[in-house]
Structures are given as structure tokens and as C-alpha cells.
Undergrad: 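Sending over a structure as C-alpha cells; questions will come in a sec.
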Protein chains: 2
Amino acid sequence: MISDRQLKILEAIISDFIESAQPVGSRTISKKYPLGISSATIRNEMADLEELGYLFQPHTSAGRIPSDLGYRLYVDSLVREYSISPRDKEIIQSLLLNKIIEAGDLAKQAVKLLSEFTKLVAIVSIPKFNKCRLANLKLVKVSDSKVLLILVTDTGIVKNIQLALSNTEQFVLDRISDTMVDHLMGETIENIDVRAISRIKEKLKSLGDVVDYLIPILRDALKSLNGTEMHVDGISHLLSTYEFSDTEKARHIFEFIKDQQALEQLIEQVPTNQLSIKIGSEIGIDALDDCSIIASSYKVDGNNAGRILILGPKRMDYGAVVSTINYISNTLSDVFSGIYL
Amino acid sequence: MISDRQLKILEAIISDFIESAQPVGSRTISKKYPLGISSATIRNEMADLEELGYLFQPHTSAGRIPSDLGYRLYVDSLVREYSISPRDKEIIQSLLLNKIIEAGDLAKQAVKLLSEFTKLVAIVSIPKFNKCRLANLKLVKVSDSKVLLILVTDTGIVKNIQLALSNTEQFVLDRISDTMVDHLMGETIENIDVRAISRIKEKLKSLGDVVDYLIPILRDALKSLNGTEMHVDGISHLLSTYEFSDTEKARHIFEFIKDQQALEQLIEQVPTNQLSIKIGSEIGIDALDDCSIIASSYKVDGNNAGRILILGPKRMDYGAVVSTINYISNTLSDVFSGIYL
DNA sequence: ATTAGCACTCGTTATTATTGAGTGCTAACA
DNA sequence: TGTTAGCACTCAATAATAACGAGTGCTAAT
């Protein structure tokens, strides 16, 4: 179907285009790449590659640009993953393994690292909180009128919710939270249903009014935790990308990224358990037609925990991005799974 | 110094420029604004206003553009604060008073609202954590090897820090945290010094090794909380602003905003206790020469807690922004101070 | 003091010409 | 038969030129 020589030419064209962002001509290839064939021959091959759908011309008298199909072939069989330099590994490790880090900030740190290394947009999602298992729950009196509900999952994520509750002693709150922990520990948050709640209510009858008031609030609070948390970093990199130097295009992408719902949907369709690369139209979103997405996921104790992705122009250094995202997602998994603790 | 008529003309010019982003000519003013004077007269007055430094021409045959001085006069004596519509007040209230909100998310919600209402960049800072007073402290065993240190301030902010600590029972952790709370409650976090720590260590001697191991970690953890937390939203609005449709300019501003340190510095020089407006060169940062900043602060129980600001082109609707920022910062103060609980 | 009138300036827009990178095709060649 | 030199052709990008018009400053009349 496609000859070895054609493959080499395609690779040269795509490499060159990734570098220069300009349509690549036959003369450029014959001069810059030691394929030992003349520009005329390359022209002929290019015409064939175009017919096969791997290349196209923006207009008749211009060089060639890889099509989405061309990129696909490139990514599938030509890209080699780099190995990350020991220096970079060290940086990543030291920033993610810093023990004095707020648990919720780990994802933020990761997303920052990822966008700084790749110079592209990085997105890290934290799994829906209500799919997590409850590891601990604590009611803390903060002031005369405020109580803080602190929830800890087995993945070490902490949520705190402010509740209005006056004239309640800490030891009452302790009784309530201890009982709740006894009954709910290990349960996924979405599974905490009316029956579980009413059993707890029964147990705590002796405490009186407070329970009647508090329990429904607690139930609502738990119910409210159903959003996917996402962290995005490196958006400004888009502006220095040739493809998006037109403000209009950049704005479309910006607005897509800002749209929580759309982004959530995008993230959710990323397969877990394997690295996935989507190129241009494969993404299926108009605003991202000029982009590629490289996505992976990280795990906590072997379970899929969250997703981690890179968004950039199709014309990106796939090899470098893949190795960076792999290394960071693995490190993140390790840290979350506590193998370094 | 400046006549009443000149003031009226200046106001007309600035209003028009804010609307159109185009240099304003004498004919436009005489036609659109009912000042009862001809374009020739306005031309003369404009020449005078230019001499006084309130206006300038981008080139000889163009209309006038307000200078920073012109904006300053406009802001100081011509801008009228709008009153916010009941409908908008309701929206703001309902989103900030939602009781089931994670404490740390309140600032995020506020910054989002602010940028959505003004269509500009909004920034909200949360005061340095180590200036806050400790209201509660809790060590929670999350897994066999992980312990979570949960800190609560009197302002209701919660931080949680992951610690590595194996083979420790929860009741030991409780003893430690209870003792720490006894000794440190009400103290500002930066004031927790070696002496306080060693007193605690003394008290807990009976618990043995764990204390020796944990206490220095806890001290380091507390020390690490010295950054100002900032939330930014609405950056994409800049891209739809005429002034920044040039990607280069937009990028400079983006990069400035992304620079935590620079942003922190900027925020810190904002006066608390009063609304402040800085125009263009008054800001003193090259990248923001085409911008204005409107800044306020919010309070918790009467004390300055954090700052809240709007960044946009000089050509912004000052009246609307001022009223929005005022309303939101007041509401935020009220919510943080718990008057709605 | 105000304004109509007019010459002048200069950025913007439209038009046209020029350039050059790149192509496809043909014919000669190994 | 595959490869290549050569050439006519295409078309975006750039440069050069002309025409336009919004706006000014100045002068002289009201």
C-alpha cells in the first residue's frame, strides 16, 4: 500500500512541518534530508501520498501539509518516545514527592509541571468525589455559629463544607461524627443512602434536636459533591503557538476550555488504562479541529483515579509529550498510592 | 483651570471612546452630544484640552484619545456608580450564600461571579495563611502509612497536609492534636515558634518516639504555609477586547498574570480599607500600561482578610465595575464574617 | 466668543504589478 | 522502468501606487 520510501518522505515532511509550521516543498526535503533522491522524484511521491490522503495542499502552488490521516500514521508507526533526562526526572520527583504538600494541591502541581515541560495546555482531573470511599469524617466547631464538616477519602482527598449550626458543643459533634464514621467508613459517598442515614439517626436519638437538624444537612452536603474537579494550566502557551496567533481561533479554544461541562465531557470519553492520542477531527469538537490531545490516567492503589491530558496544536512534538505525560502520570500514581510514604 | 464646558466635552469624548475604541473627532461630539456648540468650537476646546494633557492624538489627522490624566479626571469627578439591579443582587447572593459550599471555594465562586459580571479579569486573594489564627488542628489516620494534618483557621479556611507516618494509632494522634490545640488555639500560625513547640513536646513525652518524629514535621508543615493564595478568572475576556486583539499584547498580560510572584506583589500594594483605581502608567508595570485596575478588599469580622480586584483595558465601564466590585466584596465580607449563618 | 469654510495631513482601503516558492508534466537518461 | 533535469504555469505574499475620507488647524466673517 505504502512503500518504505514514501514512509520516509512522509516522516521528513511531518518533522519539517512540525518544526517550521510552513507547507513543505519537494526541494526542501531533497536538500535537508539525505534520502538520495531528487526533488522531482519526491514530487512524484508526494502526489501519490496526497492521493492516498496523507497530505494535502492549502493551494495549488504551495508545499504539502500533513492531513489528520498523515499525522495518524506518523503517530502510530513513526514517533519514537524519548527518554526523559535524569535532570528532569529529578525535578519532577522532587516537586511531586515534597511531603509537605497539601493533598489537594498534588494535582495542581502535576498540571503545572506538565504544562511547563511540554509548553502546552495541561489538564488533570480528580475523580468524582462521590465515587470515592469515605475514610474519615469529622465535625469541627469553628466558631459559635459555624461548624466545619471535613471529609477524607481513602485516596487522601479532603473536602470541607461549612455548616451553620449554633450552640452545639464539640463533644456532641464528636459523638455524631464518630457514629457516622462507624457506619459509613469504606462506603462510597454516592452509596450513602436514606437507610444508612436513618440507622445513624436512630443511634443518635439521645442527642435530641441537633441530630434532626444536622442529618439532612449532612445528607445534602454529601449529595452536592458530584462534580468532577479539574485543573488546567498553561493556557497562555497557546498564544505563542503559530496556529493560534489569530486571536479568534485562540478565543474559541479558550472558551471551550473554560466551559466546565464541555471539558468534563471531553475528559470522560478518554479511555483509562492506556495512552490515547486524538488528532484534529478525531476529537470531534469543532473548536479543537486544529488540536491534538494526548491523554493518560493515573491510578491510586491500582484503581483508575483521574485523567491527565495535554492539549496542543496537531503540530506538536508527540514523542516528547508522550514520554513526559507517561512519566508524570506514573509518578503521580506512585505518590497517590503512597509507595513513597 | 478647566472650564465647565471643557469638562463636558472631555466627558463626551471619553464616553464615546470607551464605547467605540476609536479616536473621537470634533464632528462626532457636536452631532452625538447635545452641547449646543459647533464642531469648530469643540475643535478649539479640544486643542486646549490636549495642551492641558487630558487628550492626545495618535497622529495629526486623527481624533482625540484620552490620556491617563484624562481618565484620572474622568474617574475622579465624572464617573457615577450605578446601582446594581435587584435581579443581579439576587444572583450574587444566592451563589455566595449557598450553604453547602466548600469553604475554600467561596473565593473561587466570587472571582467567577466578578469576571462574569464585568466581562473582565477578576482576581481574589486569600490572606496569607500564616497570618491567620489557629481555630482547630486534627491529625487523622487515613491509611496504614498516611496521616493527614488538618488545620482550621478562625476565618474558616482549611488546609490539609499529608504526612508519612506508619504504625500509629488514632488515639495517639488524638492525644497529640488535642494537646496542640490546647496550647496553640488562637495563635497566629507564624507565631508558633520553637518554644511553643517544645512545651508541647514536653507534655507529650510519655508517648515516646512518635512525638520526636512528628513534631519537627508538624513545625515544617506549618512553616510551609506562607504563600498568598490567589484565584484568577476571566482571562479569556481579554481576547475579545479590542485593545488586545493583537496576540502579542495579550500574551504579555497573560504572562504577567501567570507569574505568581509578580501578581502577588501587585496585589500587596493595593491599599486595603478603600477602593482604589489605578490607570495605565499609574500601575507602574509595562505589561499593564494599557490596563486599569480597580481594587477593593473584603473583611472577616472587621479585619482585612483578602483583596479583590479587576483588571481590564483602560477603556472600561468604570461605573459598572466599581459598583459590582463593591457589592461583591461587601457580600463576601458578610459571608465570611458569618452574618448569614 | 463662535462658527463656516477651506487647505492640508495622513492613516485606511482598493488596485495593480512583481516576485518567488512550489507544482505538474514532458522528455531525456541510466 | 524508475529517475531526473527542465520548463511553463499557478497563486499567495509582498510591494508600489492611487484614491478616499475623517479629522485637523487656521482664517475670516458673524
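Proteins get letters first, then strands, A, B, ... in listed order; numbering begins at 1 in each. Just the heavy atoms: all of them, side chains too, but no hydrogens, waters or symmetry mates, feed the values below.
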Undergrad: In whole angstroms, how far is the C1' atom of C/dA27 from the CG atom of A/Asn44?
TA: 13 Å
Undergrad: Which of these passes side chain to side chain contact (heavy atoms under 4.5 Å, CB included) with B/Pro66: B/Tyr71, B/Tyr54, B/Phe56?
TA: B/Tyr71
Undergrad: Under a 4.0 Å threshold between the charged nitrogen and the carboxylate oxygen, would B/Asp4 count as salt-bridged to B/Lys8?
TA: yes
Undergrad: Check DNA chain D against residues 4-35 of chain A and give the residues with a non-hydrogen atom under 4.0 Å, in numerical order.
TA: A/Arg5
Undergrad: Can you see if the side chain of B/Ser38 gets near the phosphate of C/dT3 - specifically, an N or O under 4.0 Å from OP1 or OP2?
TA: yes
Undergrad: Does a side-chain N or O from A/Arg64 land closer than 4.0 Å to OP1 or OP2 of C/dT23, or not?
TA: yes
Undergrad: Any chance the side chains of A/Tyr327 and A/Asp88 put a donor and an acceptor closer than 3.5 Å?
TA: no
Undergrad: Mind checking whether B/Leu266 and B/Ile283 have side chains closer than 4.5 Å, heavy atoms only?
TA: yes
Undergrad: Side chains of B/Asp289 and B/Ser281: any donor to acceptor distance under 3.5 Å?
TA: no
Undergrad: Expected output is a numbered-order residue list: members of residues 46-63 of chain B with a heavy atom under 4.0 Å from any atom of DNA chain D. What is it?
TA: B/Met46, B/Gln57, B/Thr60, B/Ser61, B/Ala62, B/Gly63
Undergrad: Can you tell if the side chain of A/Thr228 reaches within under 4.5 Å of the side chain of A/Met230, non-hydrogen atoms only?
TA: yes
Undergrad: Given side chains that start at C-beta, do those of A/Ile123 and A/His231 come closer than 4.5 Å, heavy atoms only?
TA: no
Undergrad: In whole Å, I'd like the distance from the CZ atom of B/Arg43 to the C1' atom of D/dC26.
TA: 10 Å
Undergrad: Rounded to the nearest Å, what distance is computed from the CD1 atom of residue B/Ile42 to the C1' atom of nucleotide C/dA4?
TA: 14 Å
Undergrad: Using a strict threshold of under 4.0 Å (side-chain N to carboxylate O), is an ion pair present between A/Arg72 and A/Glu282?
TA: yes
Undergrad: Is the closest basic N to carboxylate O distance between B/Arg315 and B/Glu243 below 4.0 Å?
TA: yes
Undergrad: Rounded to the Å, how far apart are B/Ile37 CD1 and C/dA1 C1'?
TA: 12 Å
Undergrad: Take the C1' atoms of the five end pairs on each side of the helix from C/dA1-D/dT30 to C/dA30-D/dT1, derive the two axes, and give their angle rounded to 10 degrees.
TA: 20°
Undergrad: Kindly give the heavy-atom pair with the smallest separation between B/Arg251 and A/Ser236, and that separation in Å.
TA: CG-O, 4.3 Å
Undergrad: Could you tell me whether the side chains of B/Tyr33 and B/Thr28 share a donor-acceptor contact shorter than 3.5 Å?
TA: no
